2 protein chains.
Amino acid sequence: METHAAPAGPVATGSRIRLSRERILHAALAQADAGGLATVSMRKLAEALEVAPMALYRHVASRDDLVDGLVDLVFAEVGLPGTGGDWKTAMRERGESLLDVLARHPWAIGLMESRRNPGPANLRHHDAVLGSLRAGGFDMAMAAHAYSALDAYVYGFALTRMTLPFERSEQIADVAREMLAPFPAGAYPHLAEFITDHAMQPGYDYGDEFAYGLELVLDGLERSAALR
Amino acid sequence: METHAAPAGPVATGSRIRLSRERILHAALAQADAGGLATVSMRKLAEALEVAPMALYRHVASRDDLVDGLVDLVFAEVGLPGTGGDWKTAMRERGESLLDVLARHPWAIGLMESRRNPGPANLRHHDAVLGSLRAGGFDMAMAAHAYSALDAYVYGFALTRMTLPFERSEQIADVAREMLAPFPAGAYPHLAEFITDHAMQPGYDYGDEFAYGLELVLDGLERSAALR
DNA sequence: ACGCTAAGGTGTACGGTGTACGCTGTCAAG
DNA sequence: CTTGACAGCGTACACCGTACACCTTAGCGT
């Protein structure tokens, strides 16, 4: 990040807007959201920015460095938990915020925690969550338990939901039929029962499961920690 | 799957062993486990099998089809829960088994639930888990809650653990120093405290967190379901 | 106003990828 | 012996990330 706050800043050259790491990252984010991270290639990205492919490398070390930047951009969207009020509320809100962000950027789910070079937004986020837990009365060991359980649950839910080929009850019948078609009828009785008697019922929405599990984890932590 | 049970089966032609979907899948699995899924290319796979790249396409529709096959191979390694005894024990064991399998094949974590064409092992596994829960007294809605919460937790834990650049307390100091190096000292006080006062303590092992969270979810489900 | 320097943008090229298409060689059934 | 199906192969194409040398331009000190 070398955005020097010099006089006016070199913004445009002639008619063309100057390239910058930020501009590249935002274009890449839009492309990833539109078609997944795999569709973001240096060449297509350059084309979208009306620039030669190699021009990008003046602002980004490699495609991997670009992905590092994208992940930190996504992290920056996650709301930081406050340290003022109730830890449970803070953790619930941060979980919901994280899930929202991951729904907007599903391609990021597997990457958020896996980059070897975490950016400032990433570190700041982890720092804030730990701070919120400690302020809520958790000792170090319990804070570690809590953070691990909460993060695992939220990322896991985002992951399993992303992958579900349906979301609302209307679409399920078709998808299920297609999935089970290659196999003999009655091969998977419990699965079939689950689909027809539960998932296909009107009003079913897998997303509703999130709140249930989150509350379950939060209640468990509260009891475990013997807080409040 | 067209393994016809004809006479002796065409196994070898001359000195070379005949290609087959199974042989391809096993070679690909070995390669993925060794270097990640990204290093499995049709060309390298063909080379390992001492065959021309295009020969693979007689047995596999595309690289994507190959990945579908790999995922089902991995699913087949996960132990099925029994329906006989205690549901809690069955679910604990299947969670531990799933985590073990994902540790052996970390490249599969993001794929297990995301393939549009689930294989027989996949469907069989889901069917067995639902059956075990129902046998344990869960009604349909509670079984859905339980499955969602448990799967989210286990996959999420596998995901967050995979990404952690360390595991045992000995390596943490170096990694942490490297990660925090680009930032001003004291920028992330809670994170720093967590690392030095907890993660760097002898005997720390992030994997230990798994059992804690799993028990937390299981206990929560038991209470929620008012079972037993 | 001028020229210098460094940084930004470009063109070409290399080695990698997945896979469409058409050919060849082998083997089993008729 | 003939025939046809099918396994494996060679070539080719479009795409990918990026190393390297080159040119253009902007902004500075003078």
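No experiment lies behind these values; they were computed from the predicted model shown. Letters go in sequence order (proteins before strands), and every chain restarts at 1. Every heavy atom of this structure was used, including side-chain atoms; hydrogens, water molecules and symmetry mates were not.
Side-chain contact check for B/Arg21 versus B/Leu66: every heavy-atom pair is 4.5 Å or farther apart.
Counting to the nearest Å, the C1' atom of C/dG9 and the CE atom of A/Met54 are 10 Å from each other. Atom CD in B/Glu50 sits about 17 Å away from atom C1' in D/dA7, given to the nearest Å. Rounded to whole Å, the distance from CZ on B/Arg23 to C1' on D/dG8 is 13 Å. Rounded to an integer number of Å, the gap from OH of A/Tyr57 to C1' of C/dA13 is 14 Å. Here the C1' atom of nucleotide C/dG8 and the CZ atom of A/Arg21 are 16 Å apart, to the nearest Å. Rounded to a whole Å, the CD1 atom of A/Ile24 is 13 Å from the P atom of D/dT18. The CG-P distance, from A/Leu49 to C/dG8, rounds to 15 Å in whole Å. A straight line from CD of B/Glu47 to C1' of C/dT17 spans 14 Å, rounded to a whole angstrom.
Under the 3.5 Å distance criterion, with hydrogens and angles disregarded, a donor-acceptor pair is assigned to the side chains of A/His105 and A/Glu77.
For A/His59, no side-chain nitrogen or oxygen approaches OP1 or OP2 of C/dA7 to under 4.0 Å.
Side chain of A/Ser41, nearest nucleotide from D/dC16, C/dT19, D/dG8: D/dC16. Picking from C/dG18, D/dT18, D/dT11 the nucleotide with the shortest atom distance to the side chain of A/Ser62 gives D/dT18. Side chain of B/Arg63, nearest nucleotide from D/dA19, C/dT19, D/dG17: C/dT19. Ranking D/dT18, D/dC16, C/dG22 by closeness to the B/Arg58 side chain, first place goes to C/dG22. Of the candidates D/dG8, C/dG8, C/dT19, the closest approach to any side-chain atom of B/Val51 belongs to D/dG8.
Of the two residues contacting DNA chain C, namely A/Arg43 and A/Pro53, the nearest-nucleotide position lying further toward the 5' end is that of A/Pro53. With the nearest nucleotide of DNA chain D identified for both A/Lys44 and A/Ala61, A/Lys44 has the one nearer the 5' end. Where A/Met42 and B/Ala55 meet DNA chain D, the nucleotide closest to each residue was compared, and B/Ala55 sits on the side nearer the 5' end.
Salt-bridge check for A/Arg124 with A/Asp127: failed, with every basic side-chain N at 4.0 Å or more from each acidic carboxylate O.
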Return all side-chain donor-acceptor pairs below 3.5 angstrom for residues 23-31 of chain A, not counting sequence neighbours, or 'none' if the list is empty.
from	atom 1	to	atom 2	distance (Å)
A/Arg23	NE	A/Arg18	O	2.9
A/His26	ND1	A/Glu22	O	3.0

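Using cut-offs of 30° and 60° for the angle between ring planes, the B/Phe157 and B/Phe210 rings count as tilted.
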